[in-house]
Amino acid sequence: MSLIKKSVSLVFNSDAKAGAQNISADLSSFDITLNDPLSVPRDAVECSAAIISASIWNTAYNISASFNNNKLRFTTSVAPAGVKTLTIADGLYSVVGLNTAISTLLINLTLPGNLITISGDDATGKSIVNLLTSGDSIDFTFPNSVREVLGFNSAVITAPSAGFSFFSDSVAQFNRINSWVIASNLVPGGISVNNRTRGIIGQINIVAKPGRQDSYMPTNLTSFDANSLIGASRTNLRFELLDQNLRTVAMPDTFQFTLRIQWYMRV
């Protein structure tokens, strides 16, 4: 008796135009109802599966109202003086991009665009906040503050002199997402992350620059046990895009991937 390998490949796309259903508001999860049920023969052995390709845009937000990190509260003596709160639009920000956004919001308040400037220190990975006017302050204790992205502790910083620069307390956290994790109800276990299982079917490292598409085609596949599919018939599937810490990802774009399921038959 010998074994012969069998396999089936399925492409899943989070776009409603491609048939995705029950898409979450943040575009991170979706359902698929298969016209032809996914079925692995009852007499199959050693069923496994792996993601063999994926296309994911590196546009997932690192600042968002849903992350509670999109506010910057400050006090200034520059007219119109007083306590102000900036609300940063959801987006994927670099240091330069965040500085530009803050400058634009300041100008919209008829304040100097360089009243608060953000830059980075490559040597330490810390961010630098510069306050144009002596006595101006930033309240990093304010709820939903952007402080964690910038690397600051919960505190109020006050400029002792004009043009004073503050280095963040720790390394800036603009890289909220370091890799993608795809989870599903396809199997009860899947790939474990440390001691946690959540139906994970693949992990994809981010290689593309922000705003570009990651095209994942691994030479060495990470397979997972799919023996639970043997003799089963699956029609309703759900998929979810997470980050490396298994947190929900807010996605402005759709994503897709190809899943290959393989098994052996006795001949």
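We count residues from 1, following the sequence as given.
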| Is the closest side-chain donor-acceptor distance between T33 and Q21 under 3.5 Å? | yes

| Would you say the side-chain atoms of R42 pair up with the backbone N or O of I230, donor to acceptor, closer than 3.5 Å? | no

| Can you tell me if S192 uses its side chain to pair, donor with acceptor, with the backbone of R196 under 3.5 Å? | no

| Donor + acceptor pair across side chains of N130, S165 (<3.5 Å) | yes

| query | Going by an N to O cut-off under 4.0 Å, is there a salt bridge joining D121 and K126? | reply | no

| query | Are Y93 and Y61 close enough that their ring centres sit under 6.0 Å apart? | reply | no

| task | Taking all heavy atoms of L111 and all of A79, pick out the closest pair and write down the distance. | result | CD2-O, 3.6 Å

| query | What pairs with D253 under salt bridge (Lys or Arg N to Asp or Glu O under 4.0 Å), at least two apart in sequence or on another chain? | reply | none

| query | Judged by atom type as modelled, is there a donor-acceptor pair below 3.5 Å linking the side chain of S14 to the main-chain atoms of F255? | reply | yes

| request: Go through the structure and list residues passing side chain to side chain contact (heavy atoms under 4.5 Å, CB included) with R212, not counting sequence neighbours. | output: A208, K209

| query | Does the ring-ring contact (aromatic ring centres under 6.0 Å, His included) test come out yes or no for F142 and F140, once each step is laid out? | reply | CA-CA 5 Å; F142 187 71; F140 284 128; over 10 Å; no

| said: Holding to salt bridge (Lys or Arg N to Asp or Glu O under 4.0 Å), I want the full list of residues that pass it with E148, two or more places apart in sequence or in another chain. | reply: none

| message | Could you tell me if R176 sits above the aromatic ring of F67, with its cationic atom closer than 6.0 Å to the ring centre and no more than 45 degrees from the axis? | response | yes

